[in-house]
Number of protein chains: 2
Amino acid sequence: MTVTTRTAATLPLALEWSTDNCQVARTMAILGERATIEVLREVFNGVRRFDDMHRHSGVARQVLSNRLAMLVDEGILRRVPYRPEGARVRHEYRPTAKGLDLYPILTAMADWGARYVVGPEGAPVEMAHRGCGSRVHAVLECESGHRLDDPRDVAPVPGPGATRIS
Amino acid sequence: MTVTTRTAATLPLALEWSTDNCQVARTMAILGERATIEVLREVFNGVRRFDDMHRHSGVARQVLSNRLAMLVDEGILRRVPYRPEGARVRHEYRPTAKGLDLYPILTAMADWGARYVVGPEGAPVEMAHRGCGSRVHAVLECESGHRLDDPRDVAPVPGPGATRIS
DNA sequence: CAGTATCCGGTGCGATACTG
DNA sequence: CAGTATCGCACCGGATACTG
């Protein structure tokens, strides 16, 4: 036994389970590149056209092009054609439902970052409730309705897609 | 005006605000590398010794060494010496409070990944409430007590650390 | 305005070998 | 067992130039 302590004896040990195809790692594989998170921030902030994103974020055009294509390919953004009056057709990038569902992830990162990685001047960005204007945070809740304020009450367990290691 | 639509007129336009030092990007800079998330998963799963992590995760020794040092340096993990009886002193890596506070991020990613990036066999990993065993999810809640089930009710706004552009 | 083509540098990561 | 040293490749990302 190499693992020293486990709080609950019913929780299986990680060493007995494969972590291949872990959905957290897969999610990070999509979001983890630096340019990707910059592109997403622009889109969620309402900046949706190529050149505006380029100027505002500073991401190189080639990289921006690559990331936008990848995010469209993943179904996180979609290209929407529109026509400014008197001009030819243009495209803008908007989040899909799958893209909007990234908000809990971005909010959780904004919360953690605000607490641990920003200086005394405060966080550059916050999440707000459109309805009432209050700040929004990501909180943990279990399906029995308990709210988990202490992260030590959480533990990863193998899901239905886990595979046992010999 | 290059931005096409905004739901609430009170929300400032992103183009007027610098996104430098955004805490989401900074957080991603720490967590975004592939090996980092693998290391964190091992630690949160209770695998805390170097060689166990190496064998179980498949991360190369040099990379594992680098990531562990970085995470200790960031205050997310700490090295804890211990002595198995009859052996010389060893070290294990444990999450700090700052590290445990990553749970909302990891849970939000597990939720999103389970919905969008895993096959029909189901998610390999889930989060559980130690107290009652129920599955744990990350939900959005505002400081006025509203629960936000629709991510379209969220909008990023400049925080106290934001700086106006010219 | 909205990209693509091409080149190049930095580095994340894997593999192998070595140390206390 | 728990790392460090070294090598090499792949790839992300920046800069410049070109196209419809």
Side-chain angles (χ1 to χ4, degrees), chain A residues 1-4 15 19-20 25 28-43 47-74 77-94, chain B residues 1-4 15 19-20 25 28-43 47-74 77-94:
Chain A
M1 177 72 71
T2 56
V3 177
T4 52
L15 278 175
T19 48
D20 292 348
M28 195 55 101
I30 296 174
L31 304 180
E33 287 148 306
R34 191 172 62 84
T36 303
I37 205 72
E38 309 246 344
V39 170
L40 286 176
R41 186 185 49 219
E42 298 303 320
V43 172
V47 181
R48 291 172 176 170
R49 287 169 57 176
F50 189 92
D51 250 51
D52 290 333
M53 292 190 212
H54 172 57
R55 284 200 314 278
H56 192 244
S57 71
V59 173
R61 308 176 77 85
Q62 182 66 49
V63 178
L64 183 57
S65 179
N66 288 345
R67 294 306 112 192
L68 285 170
M70 183 275 284
L71 288 168
V72 169
D73 210 59
E74 291 284 346
L77 300 182
R78 63 197 171 101
R79 292 184 78 188
V80 180
Y82 72 102
R83 178 188 295 272
E85 46 182 308
R88 70 181 187 285
V89 72
R90 301 282 165 72
H91 295 272
E92 60 178 15
Y93 296 86
R94 293 194 186 202
Chain B
M1 178 74 69
T2 57
V3 177
T4 52
L15 277 176
T19 47
D20 292 346
M28 194 56 99
I30 296 174
L31 303 180
E33 287 148 305
R34 190 171 63 83
T36 304
I37 205 72
E38 310 246 345
V39 169
L40 286 176
R41 185 186 48 219
E42 298 303 321
V43 172
V47 181
R48 290 173 176 169
R49 287 168 57 176
F50 189 92
D51 251 50
D52 289 334
M53 291 189 213
H54 172 57
R55 284 200 314 277
H56 192 244
S57 71
V59 174
R61 306 178 77 84
Q62 181 66 49
V63 178
L64 183 57
S65 180
N66 288 345
R67 295 305 112 189
L68 285 170
M70 183 274 285
L71 289 168
V72 169
D73 210 60
E74 292 283 345
L77 300 182
R78 63 197 170 101
R79 290 184 80 190
V80 181
Y82 72 103
R83 177 190 295 271
E85 45 182 308
R88 69 181 188 283
V89 71
R90 301 280 164 73
H91 295 272
E92 61 178 16
Y93 296 87
R94 294 196 185 199

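To find a chain, count down the sequence lines: A is the first, B the second, and so on, and within it residues start at 1.
- Residue Glu33(A) places its side chain closer to dC12(D) than to any other of dC12(D), dC1(C), dG3(C).
- If you take NE2 of His54(B) and P of dA2(D), they are 12 Å apart, rounded to a whole angstrom.
- Note: CD1 (Ile37(B)) to P (dG12(C)) measures 16 Å, nearest angstrom.
- Proximity of Arg49(A) to the phosphate of dC1(C): no side-chain N or O atom is located under 4.0 Å from OP1 or OP2.
- Atom CE of Met70(A) and atom P of dC11(D) are 15 Å apart (whole Å).
- One finds the OH atom of Tyr93(B) at 4.0 Å from the CZ atom of Arg79(B) (value rounded to the nearest 0.5 Å).
- The nearest whole Å value for the distance from the CZ atom in Arg79(A) to the P atom in dC1(C) is 16 Å.
- Using a 4.0 Å cut-off between charged nitrogen and carboxylate oxygen, Glu92(A) and Arg94(A) count as a salt-bridge pair.
- Residues passing the side chain to side chain contact (heavy atoms under 4.5 Å, CB included) test with Arg61(B), sequence neighbours excluded: Phe50(B), Asp51(B), His54(B).
- How far NE2 of His56(A) is from CZ of Arg41(A): 8.0 Å, rounded to the nearest 0.5 Å.
- Rounded to whole angstrom, the span from the CG atom of Asn66(A) across to the P atom of dT6(C) amounts to 14 Å.
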- Base-pair string, DNA chain D, Watson-Crick plus G-U, cut-off 3.5 Å on both distances, | for inter-strand, is ||||||||||||||||||||
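- Look at Arg67(A) and you won't find any side-chain N or O under 4.0 angstrom from OP1 or OP2 of dG3(C).
- Across the protein-nucleic acid pair, Leu71(B) atom CG and dG3(D) atom C1' stand 16 Å apart, rounded to whole Å.
- When all heavy atoms of Val59(A) and Ala35(A) are compared, the closest pair comes out as CG1-CB, 4.2 Å.
- In this structure, CD1 on Ile30(B) lies 9.5 Å from OG1 on Thr36(B), to the nearest 0.5 angstrom.
- Atom pair Met53(A):CE and dA2(C):C1' shows a separation of 11 Å (rounding to whole Å applied).
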- Item | Steps toward side-chain contact (heavy atoms from CB on, under 4.5 Å) verdict (Leu40(A), Leu31(A)) | CA-CA 9 Å; Leu40(A) 286 176; Leu31(A) 304 180; 3.8 Å; yes
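- A straight line from CG of Leu64(B) to C1' of dC1(D) spans 13 Å, rounded to a whole angstrom.
- A pairwise comparison of heavy atoms in Glu42(B) and Ser57(B) identifies OE2-CB, 3.7 Å as the closest pair.
- In summary, of the residues considered (Met28(B), Glu33(B), Arg34(B)), a side chain to side chain contact (heavy atoms under 4.5 Å, CB included) with Met28(A) occurs for Met28(B) alone.
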- Do nucleotides 14-20 of chain C as a string where each nucleotide becomes B, S or -: B if the base has a protein heavy atom under 4.0 Å, S if just the sugar-phosphate does, - if no protein is that close. BB----B
